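Along the sequence shown, residues carry numbers from 1. Remember, it's a predicted structure, so these values are computed and weren't measured experimentally. All ligand and atom numbering here is 1-based and tracks the order in the structure.
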Amino acid sequence: MIKTDILIIGAGPVGLFTVFEAGLLKLKCHLIDILPKPGGQCSELYPKKPIYDIPAHPEILAGDLVDNLLKQCKQFQPGFTLGERAEEIIKKPNGIFEVTTDKGTIHQAKVVAIAGGLGGFEPRKPNLEKIDFYENNGISYFVKDPNLFKNKNILIAGGGDSALDWTIELSNIASSLTLIHRRNEFRGALDSVEKVQELKNKNKIKLITPSEVVSLIGDKKLEAVEIKVGDSENLILDVDHFIPLFGLTPKLGPINDWGLEIEKNSIKVDNSLDYQTNIPGIFAIGDINTYPGKLKLILCGFHEAAMMCQSAYKIINPDKKFVLKYTTVSGVSGFDGTVKKADLPVRKSID
Ligand code: FAD
């Protein structure tokens, strides 16, 4: 059982910034994300693309923005439940929300902030017979722990950044690694394509294109795959793991059934104050919410996070008064004991 002040569903940029804003108010946060790493769309869809409209960053790579957000909120020691989907929510008689994931992890908090973006990202699965049987039994759609692939025979399929990045990373630890793609051209970053080509030239990996898996073989677990290679005869490849990386599709998923007011796949909130939903104590911030004039931009999500934390403070500390202070004046006291305090400005007297 995980207990916290604010439970954040979604560890995208908005969820991560919420940890910082809540921390300033001495509120602890825990984040749940279906993905194995934080960063939401920025990490998963465009980590190497530059963003130009983050205030005070004329240009920043989406992946670097996530790294900076993680660095900024680290002092407030957020907890993470990664690789799990928030599935169910109930309000207990004592007013506490209890959120359970698809893996059965239970979280309790007085306030829930849904920062679920476009919804949970679900992997695009290849259309193969008996694929369900081999899932987590030789087939993985994410690389949660690279060590699981140490000294194994691995097949990766896909033509985008994830397929290229994991090929590069796992080629260091795998016993053998084959990358296949149904086209000869890859969609990923040019430098990754070049690195993969270099690994192939050095015989560190096998690269087979155009090709695709057509059947899965193995009695109890995956033992081999049959692949179609252009117009040639099909090949049988012995593998311990097959990692199809064909991208992710967002789905609102279980959040649809939580009794929240939904409009066009988004959660309706009150934007006159604090982005609260129709259920008091549950807020929705970032891309997942809707209100008149909503802009699905990171900077708008940051603003919404700051506003909702003020209301969360009042719910969690009904008897305490909160006075807004500039961080330049109050400094920042991390839960890990770090204190950042600016020197007091010297006041000049006015004659
Ligand atoms: P997300 O980043 O979508 O994160 C939500 C997280 O919630 C996800 O990780 C998801 O897995 C998780 N989640 C959802 N449901 C559940 C559940 N039930 N259980 C557990 N986890 C769950 N914005 C800009 O401001 N400037 C730009 O230049 C810009 N460029 C973009 C370029 C591209 C290619 C794309 C795709 C988007 C771009 N955006 C840009 C939009 C920006 O990425 C989004 O506004 C931002 O990611 C929203 O952040 P978020 O934290 O609200 O949601």
Side-chain angles (χ1 to χ4, degrees), residues 2 7-21 29-66 69-70 73 78-89 97 99-105 107 112-123 141-142 144 160-161 187-189 247-258 260 262 265-267 269 275 282-290 294-306 308:
I2 293 161
L7 182 66
I8 304 169
I9 297 168
V14 176
L16 293 176
F17 190 63
T18 307
V19 176
F20 178 76
E21 283 296 316
C29 294
H30 187 96
L31 301 103
I32 307 178
D33 205 299
I34 195 166
L35 295 174
K37 61 176 192 286
Q41 292 172 57
C42 293
S43 299
E44 214 46 52
L45 302 181
Y46 61 108
K48 296 199 173 134
K49 278 204 164 110
I51 310 180
Y52 301 101
D53 57 350
I54 302 297
H57 286 281
E59 177 178 339
I60 183 164
L61 293 183
D64 290 347
L65 176 70
V66 171
L69 286 165
L70 282 165
C73 74
F80 287 95
T81 301
L82 295 174
E84 299 188 26
R85 185 176 56 213
E87 196 75 25
E88 263 179 29
I89 189 165
F97 291 103
V99 175
T100 308
T101 67
D102 56 339
K103 304 232 166 97
T105 314
H107 308 75
V112 173
I114 305 176
L118 304 173
F121 288 111
E122 308 266 338
Y141 301 107
F142 298 107
K144 282 185 200 162
D161 283 316
R187 280 176 286 112
L248 302 163
T249 43
K251 293 211 172 96
L252 203 51
I255 293 171
N256 247 325
D257 308 321
W258 289 0
L260 299 161
I262 307 277
N265 234 15
S266 303
I267 303 170
V269 291
Y275 307 96
I282 303 186
F283 298 79
I285 50 177
D287 273 17
I288 202 153
N289 74 14
T290 184
K294 166 75 184 177
L295 294 176
K296 289 194 194 275
L297 287 175
I298 295 167
L299 74 94
C300 298
F302 287 169
H303 162 80
E304 293 162 11
M308 71 120 307

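- Using a 4.0 Å cut-off to heavy atoms of L35, the atoms of ligand 1 that qualify are 9 (O), 11 (O).
- Counting only distance, with no hydrogens or angles, the side chain of D161 and the backbone of Y46 share no donor-acceptor pair below 3.5 Å.
- Among all non-hydrogen protein atoms, the one lying nearest atom 3 (O) of ligand 1 is Q41 NE2, 2.8 Å.
- In this structure, G253 has no heavy atom closer than 4.0 Å to ligand 1.
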**OP:** Run the numbers on E88 and V99 for side-chain contact (heavy atoms from CB on, under 4.5 Å), then give the verdict.
**Re:** CA-CA 6 Å; E88 263 179 29; V99 175; over 6 Å; no
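- Closest of all the heavy-atom pairs between A11 and F80 is CB-CE2, 4.4 Å.
- With hydrogens left out, the protein atom closest to atom 11 (O) of ligand 1 is D33 OD1, 2.7 Å, a heavy atom.
- Counting protein heavy atoms only, atom 51 (O) of ligand 1 is closest to V14 N, 3.1 Å.
- For atom 44 (C) of ligand 1, the nearest protein heavy atom (residue, atom name, distance) is D287 OD2, 3.2 Å.
- When each atom of ligand 1 is checked for a heavy atom of G10 under 4.0 Å away, the hits are 6 (C), 7 (O), 12 (C).
- Ionic pairing of E59 and K49 is not present here: no N-O contact between side-chain nitrogen and carboxylate oxygen is shorter than 4.0 angstrom.
- The shortest heavy-atom distance from P13 to ligand 1 is under 4.0 Å.
- Below 4.0 Å from some heavy atom of G40 lie the following atoms of ligand 1, by number and element: 2 (O), 4 (O), 8 (C), 9 (O).
- Judged purely by atom type and a 3.5 angstrom limit, T105 has no side-chain atom pairing as donor or acceptor with the backbone of T101.
- Among protein heavy atoms, the minimum distance from atom 26 (N) of ligand 1 is reached at D53 OD1, 2.9 Å.
- For A86, heavy-atom contacts with ligand 1 shorter than 4.0 Å involve the backbone as well as the side chain.
- Among residues two or more places apart in sequence or in another chain, the salt bridge (Lys or Arg N to Asp or Glu O under 4.0 Å) test is passed with E21 by none.
- One finds no salt bridge joining E87 and K103 here, because no Lys/Arg side-chain nitrogen approaches an Asp/Glu carboxylate oxygen to under 4.0 Å.
- Heavy-atom contacts of G286 reach the following atoms of ligand 1: 52 (O) (cutoff under 4.0 Å).
- Residue nearest to atom 25 (O) of ligand 1, selected from L295, L118, I298, I89: I298 (by heavy-atom distance).
- Of the protein's non-hydrogen atoms, G117 CA, 3.1 Å is the one closest to atom 53 (O) of ligand 1.
- Ranking the protein heavy atoms by distance from atom 20 (C) of ligand 1 puts I34 N, 3.3 Å first.
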**OP:** Please test L31 against T81 for side-chain contact (heavy atoms from CB on, under 4.5 Å), starting from the C-alpha separation and ending with a verdict.
**Re:** CA-CA 6 Å; L31 301 103; T81 301; over 6 Å; no
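- Within the listing of ligand 1, atoms 20 (C), 21 (N) sit less than 4.0 angstrom from a heavy atom of I32.
- A distance-only check finds no donor-acceptor pair linking the side chain of K296 to the backbone of L118 [under 3.5 Å].
- For K251, there are no salt bridge (Lys or Arg N to Asp or Glu O under 4.0 Å) partners two or more places apart in sequence or in a different chain.
- When hydrogens are left out, the protein atom nearest atom 35 (C) of ligand 1 is Y46 CE2, 3.3 Å; that is the closest non-hydrogen contact.
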Subject >> ring-ring contact (aromatic ring centres under 6.0 Å, His included) assessment of F302 paired with F17 >> reply: CA-CA 6 Å; F302 287 169; F17 190 63; 4.8 Å; yes
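- The contact set between ligand 1 and R85, taken as ligand atoms under 4.0 Å from a residue heavy atom, comprises 17 (C), 18 (N), 19 (N), 20 (C).
- Applying the 4.0 Å criterion to heavy atoms of K296 picks out, from ligand 1, the atoms 45 (O).
- Between atom CG of residue D287 and atom CG of residue N265 there is a gap of 12.0 Å, rounded to the nearest 0.5 Å.
- If you number the atoms of ligand 1 from 1 as listed, the ones under 4.0 Å from a heavy atom of E84 come out as 20 (C).
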